[in-house]
Amino acid sequence: MTAPPLTRVIETRVIEAGATAAGAAAAAADAARTLAAGGLVAFPTETVYGLGADATSGAAVARLYEAKGRPSFNPLIAHVADTGAARALARFTPDAEQLAAAFWPGPLTLVLPRLPVCPVAELATAGLDTIAVRVPSHPLARAVLSAFGRPVVAPSANRSGHVSPTSAQHVLADLTGRIELVVDGGRTPMGLESTIVACLDGALLLRPGALPRAEIERLVALGEPPQGVTASSDADDVPIAPGQLASHYAPRARLRLDADSVDAGEALLAFGATPPRGAAGAALVLNLSPRGDLIEAAANLFSHLRALDAAGVATIAVMPVPHQGLGEAINDRLQRAAAPRP
Ligand code: TXA
Ligand code: MG
């Protein structure tokens, strides 16, 4: 599988964390600095290596999708240092409280209602009203998260379509030249992704993983996943789309794609410097990237769609977005958002 070309080639540094506390602290400080500068950092967790980015920065998250070569914006898991930090992102149902108390830190991801004050970029949750949250137990992951002090989104640190990496060598084989830093902490102990449980109305197993189902069922009843729920262990390229979970963000307004003109009363989602015919009569105009930068456009995609939708227009005209690089994922999301409602 060929990943789209990168906008630039990056020098990938490797830092060996070593076995000492001082080594781990130095690696964590380097990782935190790199994340704060908008960089991409691969680090070990107890499950697999994650590819981390500052979850609160839309631009950093857009770069992450670009580095992975994902053809679509699947929602990402926000990693935090402790349950207290998770409470700033999501609302905990009683089931979620029980599971977090029993299994965090550890290989369990909870999909929860996203709080209105949640600072995670909309691109990271692909515009959904839910958010996946996890508190990893690996000492290096914990050190990175504590040093950074903000949520870190981290999909498995492999190119899209490849298997999840369990060593720094695997990460380098896939991502050299695409990310800033790899924190080498040796092999990951579990080698299998976290188990994902949605705690919304009831509890649902969305992805089997390193925490066995039976352990979870000792504490909470797991509902049967509705038809169409994927239960793949490398769900990387397969969005989880159960019936009662929104599979993707859908605006209320109709989307008119590839618009080369705007009708009076329509809202306009623009791209690039040249306004289309009729733009002056638009109810509201937001530009994904006036300078035509696809990373900036990806970072703005969901928030701009939401803002235009909130204006109450019947139709949002969308200017064409080039198909190269992140444009493929942007167009994928626009097409889904434009699809007729079931
Ligand atoms: O063990 C793991 O979970 C690793 C380590 C690095 O933490 N991470 C990982 O992330 O496996 P990733 O991106 O490869 O898989 C995350 C899965 C995807 O299938 C995604 O669709 C799903 O979680 N997901 C994320 N947010 C979701 C949400 N709000 N609703 C439903 N599914 C969600
Ligand atoms: Mg993955």
Side-chain angles (χ1 to χ4, degrees), residues 40-53 55 61 64-65 67-70 72-80 89-91 103-115 118 120-138 140-142 144-145 151-166 170-171 174-175 183 185 188-200 204-211 225-226 228-249 302:
L40 303 178
V41 178
F43 59 92
T45 80
E46 69 278 22
T47 60
V48 299
Y49 272 76
L51 178 58
V61 177
L64 191 155
Y65 284 109
K68 277 200 60 121
R70 270 194 181 176
S72 65
F73 297 127
N74 289 341
L76 303 173
I77 301 171
H79 296 65
V80 288
L89 312 181
R91 188 165 61 74
F103 301 116
W104 277 356
L108 172 69
T109 294
L110 295 175
V111 171
L112 304 171
R114 182 186 158 120
L115 286 178
C118 173
V120 170
E122 293 217 47
L123 181 61
T125 48
L128 297 175
D129 296 326
T130 57
I131 183 168
V133 194
R134 154 160 146 76
V135 179
S137 63
H138 193 291
L140 276 172
R142 293 176 65 90
V144 170
L145 293 169
V152 171
V153 280
S156 49
N158 51 281
R159 289 265 275 268
S160 188
H162 293 192
V163 295
S164 295
T166 55
H170 296 165
V171 176
D174 261 22
L175 297 173
V183 176
T188 60
M190 292 176 151
L192 188 68
E193 294 93 342
S194 63
T195 302
I196 304 182
V197 175
C199 294
L200 302 171
L204 275 182
L205 182 68
L206 295 187
R207 178 176 77 179
L211 179 68
V229 174
T230 28
S232 145
S233 64
D234 186 26
D236 210 76
D237 299 300
V238 189
I240 296 168
Q244 68 256 56
L245 294 175
S247 60
H248 56 85
Y249 165 70
F302 291 105

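Ligands are counted one by one from 1 in listed order, and the atoms in each one are counted from 1 as well. Keep in mind that what you see is a predicted model, and the values were worked out from it rather than measured. FYI, the numbering just counts along the sequence from 1.
- Each of the following atoms of ligand 1 lies closer than 4.0 Å to a heavy atom of Glu193: 1 (O), 11 (O).
- Contact annotation: Arg207 has at least one heavy atom less than 4.0 Å from an atom of ligand 1.
- A donor-acceptor pair shorter than 3.5 Å cannot be found between the side chains of Arg207 and Thr195.
- Remark: the Arg134 side chain and the Thr47 side chain contain an N/O donor-acceptor pair separated by less than 3.5 Å.
- Taking each of Leu192, Ile196, Thr130 in turn, the one with a heavy atom nearest to atom 29 (N) of ligand 1 proves to be Thr130.
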Run the numbers on Phe43 and Tyr49 for ring-ring contact (aromatic ring centres under 6.0 Å, His included), then give the verdict. CA-CA 5 Å; Phe43 59 92; Tyr49 272 76; 8.3 Å; no
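- Defined by atom type and a distance below 3.5 Å, a donor-acceptor pair is missing between the side-chain atoms of Glu46 and Thr188.
- At least one N/O/S atom of Ser156, from backbone or side chain, sits under 2.8 Å from the Mg ion (ligand 2).
- Using a 4.0 Å cut-off to heavy atoms of Ala154, the atoms of ligand 1 that qualify are 6 (C), 8 (N), 10 (O).
- Counting the atoms of ligand 1 from 1 in the order shown, those under 4.0 Å from a heavy atom of Leu128 are 29 (N).
- Heavy-atom proximity to Gly50, at under 4.0 Å, picks out these atoms of ligand 1: 6 (C).
- Contacts of Thr109 classified as side-chain hydrogen bond (donor to acceptor under 3.5 Å, both in side chains), with partners at least two apart in sequence or in another chain: Ser194.
- Under the side-chain hydrogen bond (donor to acceptor under 3.5 Å, both in side chains) criterion, Arg142 pairs with no residue, sequence neighbours left out.
- Applying the side chain to side chain contact (heavy atoms under 4.5 Å, CB included) test between Phe302 and each of Thr125, Leu128, Leu123 identifies Leu123 as the sole match.
- Within the 4.5 Å cutoff, no side-chain heavy atoms of Leu204 are placed close to those of Val197.
- Considering both main-chain and side-chain atoms, His79 comes within under 3.5 Å of ligand 1 through a nitrogen or oxygen pair.
- Annotation for ligand 1: atoms under 4.0 Å from non-hydrogen atoms of Ile77 are 3 (O), 8 (N), 9 (C), 10 (O), 16 (C).
- The closest heavy-atom contact to atom 10 (O) of ligand 1, among the options Ser164, Pro155, Ala198, Ser72, comes from Pro155.
- Ranked by closest heavy atom to atom 24 (N) of ligand 1, the top entry among Pro75, Ala126, Ser194 is Pro75.
- Taking only nitrogen or oxygen atoms, main chain and side chain alike, Tyr49 does not reach within less than 3.5 Å of ligand 1.
- Looking at Val111 against ligand 1, only its side chain comes within 4.0 Å, counting heavy atoms.
- Nearest to atom 26 (N) of ligand 1 by heavy atom, out of Pro44, Ala132, Ala157, is Ala132.
- One finds the CG atom of Leu51 at 11.5 Å from the OH atom of Tyr65 (value rounded to the nearest 0.5 Å).
- Taking CG of Leu211 as the reference point, atom CD of Glu193 lies at 14.0 Å (rounded to 0.5 Å).
- Among the atoms of Arg134, some N or O lies under 3.5 angstrom from an N or O of ligand 1.
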